[in-house]
Amino acid sequence: MKVDYLTPQTSQTKSTRPLEAQNLSSSNCQPWPGLIETYRSYLPVNETTPIITLLEGNTPLIPVPYISQQIGRGVKVLVKYDGLNPTGSFKDRGMTMAISKASENGAKAVICASTGNTSAAAAAYARRGNMRAFVIIPDGYVALGKLAQALLYGAEVIAVEGNFDDALTIVREMAENYPVTLVNSINPYRLEGQKTAAFEVVDVLGNAPDWLCIPVGNAGNISAYWMGFCQYHTLGKCDRLPKMMGFQAAGAAPFISGQPIPSPETLATAIRIGNPANWDKAWGVKEASLGEFNAVTDTEILEAYRLLASQEGIFCEPASAASVAGLLKVKDQVPSEATVVCVLTGNGLKDPDCAINHSNNQVKSGIKPELSVVAKAMGF
Ligand code: F0G
């Protein structure tokens with residue numbers, strides 16, 4: 001049949017072939033309905049909750065053979081690439097829940113402090129839910145992509161001359177005194193949404209991994225994963241629980257020093273946090289899972305960041321690479337034959353400056369557009 005590409009398709013001109021004939025039968029092409037619909041029975045929503053969704057979740061769990069090989073002894077490493085969520089980070093999981101519940105409760109505006117990803121997610125979901133989004137960020141310490149997102153989604157962005165911890169103190173007080181709902185991870189609905197990442201890991205592996213390696217900033221995500229694993233374990237969906245291995249950047253590692261860090265510093269700006277709001281919860285997770293907190297230096301983070309991209313074809317943001325950097329740092333402790341999942345929390349496109357400034361690769365420029373010159377530049 002000849003296709004007329006110039007006439008707009010109307011309902012009359014659309015294919016009337018049955019789905020089966022188009023090889024799109026419901027058995028092999030189920031549209032993903034978003035994480036709230038998928039895991040509705042495990043989440044605090046009811047029929048009257050308006051579901052504000054961008055069809056987040058269902059992110060791939062990708063085997064990383066080069067990294068597995070670096071560890072050896074039959075250890076299998078996979079990455080949960082949550083940078084493939086709609087706004088490019090795991091925050092979408094928490095935000096679909098937090099914004100849906102805010103909407104159910106009649107909120108007209110939400111607020112968060114953010115190192116960037118929370119602000120992008122809050123902005124996107126709030127606008128979709130027809131609410132104002134106020135985001136308070138540490139001036140000069142938010143990666144370009146994240147700032148671009150918050151602005152374009154229409155958030156009201158306020159940059160304070162302080163760090164994330166200062167911004168969080170302000171938004172807590174704002175939410176107490178003004179009609180704005182707080183959507184940082186102290187909002188319990190955030191963790192409810194984020195725990196679905198653990199469900200997805202178990203749904204794919206058929207069990208919990210032996211280890212879960214995860215970057216730690218405000219310590220919400222490690223707490224959420226643990227909630228998810230425990231809930232599935234109680235329901236008999238997995239018969240073990242992972243050792244939770246949390247990694248902080250060395251310049252922002254309060255869990256290693258045992259006390260808040262007044263001036264945290266790291267190139268992994270997403271986890272540049274000195275006083276995690278979920279301190280007690282995360283510490284409880286470490287104890288209950290017989291896990292550990294460790295610090296990784298910026299140099300180690302950058303090595304893992306480059307390695308993920310150049311050996312595995314996976315571009316994550318620097319904070320995310322802390323999970324892999326940490327695993328490689330403590331690789332001798334991993335039991336033989338273990339299955340390890342490293343969480344890659346954010347997309348590499350969030351922070352193009354870091355990629356360009358810290359790549360070992362460079363553009364060959366000043367090349368004339370002539371076949372012989374280009375071929376020579378290619379080494380032929
Ligand atoms: N990875 C990325 C890419 C993040 O953006 C964050 C936190 C974390 C890891 C740490 O997760 O806070 O749950 O321990 N970003 C927050 C933000 C603080 O404002 O976007 P956590």
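Ligands are counted one by one from 1 in listed order, and the atoms in each one are counted from 1 as well.
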Exercise. Which residue and non-hydrogen atom of the protein lie closest to atom 13 (O) of ligand 1, and at what distance in Å?
Worked result: N221 N, 2.8 Å
For this session: Using a 4.0 Å heavy-atom cut-off, say whether K350 meets ligand 1 through its side chain, its backbone, both or neither.
Result: neither
Exercise. In terms of atom number and element, which parts of ligand 1 are under 4.0 angstrom from non-hydrogen atoms of I273?
Worked result: 18 (C)
Seminar exercise, completed: Interatomic distance, CG@L152 vs CZ@R127, rounded to 0.5 Å, equals 11.5 Å
Exercise. For A319 and ligand 1, does the shortest N/O to N/O distance drop below 3.5 Å?
Worked result: no
Problem set entry | Minimum-distance protein heavy atom relative to atom 20 (O) of ligand 1 | T118 N, 2.8 Å
Exercise. Going by heavy atoms, is A219 under 4.0 Å from ligand 1?
Worked result: yes
For this session: With heavy atoms of V216 as the reference, note each atom of ligand 1 found under 4.0 Å away.
Result: 14 (O)
Problem set entry | atom 8 (C) of ligand 1 [closest protein heavy-atom partner, distance rounded to 0.1 Å] | I271 CG2, 3.6 Å
For this session: Please list, chain by chain and in numerical order, all residues satisfying ring pair (Phe, Tyr, Trp, His ring centres under 6.0 Å) with W279, sequence neighbours excluded.
Result: F255
Exercise. Distance from S119 atom OG to K91 atom NZ, nearest 0.5 Å?
Worked result: 9.5 Å
Exercise. Which residue holds the protein heavy atom closest to atom 5 (O) of ligand 1, what is that atom called, and what is the gap in Å?
Worked result: N117 ND2, 2.8 Å
For this session: For S114, take its heavy atoms, then give the atoms of ligand 1 lying under 4.0 Å from any of them.
Result: 17 (C), 19 (O), 20 (O)
Problem set entry | Test item: K243 side-chain N/O and L290 main-chain N/O as donor-acceptor pair under 3.5 Å | yes
Exercise. Would you call K237-D203 a salt bridge at under 4.0 Å N-O?
Worked result: no
Seminar exercise, completed: Under 4.0 Å between heavy atoms, the region of N278 that gets near ligand 1 turns out to be neither
Exercise. Just how far is it from atom CG of N58 to atom CG of N85, taken to the nearest 0.5 Å?
Worked result: 9.5 Å
Exercise. Is it the side chain (CB and beyond), the backbone, both or neither of A270 that lies under 4.0 Å from ligand 1, heavy atoms counted?
Worked result: both
Exercise. With distance as the sole test, does N187 use its side chain to make a donor-acceptor pair with the main-chain N or O of L182 at under 3.5 Å?
Worked result: yes
Exercise. Under 3.5 Å, is there a donor-acceptor pair between the side chain of S89 and the main chain of G83?
Worked result: no
Exercise. With sequence neighbours left out, which residue pairs that include part of residues 148-200 fulfil the ring pair (Phe, Tyr, Trp, His ring centres under 6.0 Å) condition?
Worked result: Y39-F199, Y42-F199, F199-Y232
Problem set entry | Sub-4.0 Å atoms of ligand 1 with respect to non-hydrogen atoms of G220 | 13 (O), 14 (O), 21 (P)
Problem set entry | CD (E370) with more than 12 external heavy atoms under 6.0 Å | yes
Problem set entry | Protein heavy-atom partner closest to atom 12 (O) of ligand 1 - residue, atom, separation in Å | N218 N, 2.7 Å
For this session: Note the single closest protein heavy atom to atom 16 (C) of ligand 1, along with its residue, its atom name and the distance in Å.
Result: K91 NZ, 2.9 Å
Seminar exercise, completed: Quick note on ligand 1: atoms under 4.0 Å from a heavy atom of T115 include exactly 15 (N), 16 (C), 17 (C), 18 (C), 19 (O), 20 (O)
For this session: Can you pull out the closest protein heavy atom to atom 2 (C) of ligand 1? Residue, atom name and distance to 0.1 Å, please.
Result: T345 OG1, 3.3 Å
Exercise. How close does the nearest protein non-hydrogen atom get to atom 11 (O) of ligand 1, and which residue and atom is it?
Worked result: F90 CZ, 3.5 Å
For this session: Check for a donor-acceptor pair, side chain of N218 on one end and backbone N or O of G220 on the other, with a separation under 3.5 Å.
Result: no
Seminar exercise, completed: Counting from 1 in the order shown, the ligand 1 atoms closer than 4.0 Å to a non-hydrogen atom of E317 are 3 (C)
For this session: Would you tell me whether T297 and E300 have side-chain atoms, one donor and one acceptor, within less than 3.5 Å of each other?
Result: yes
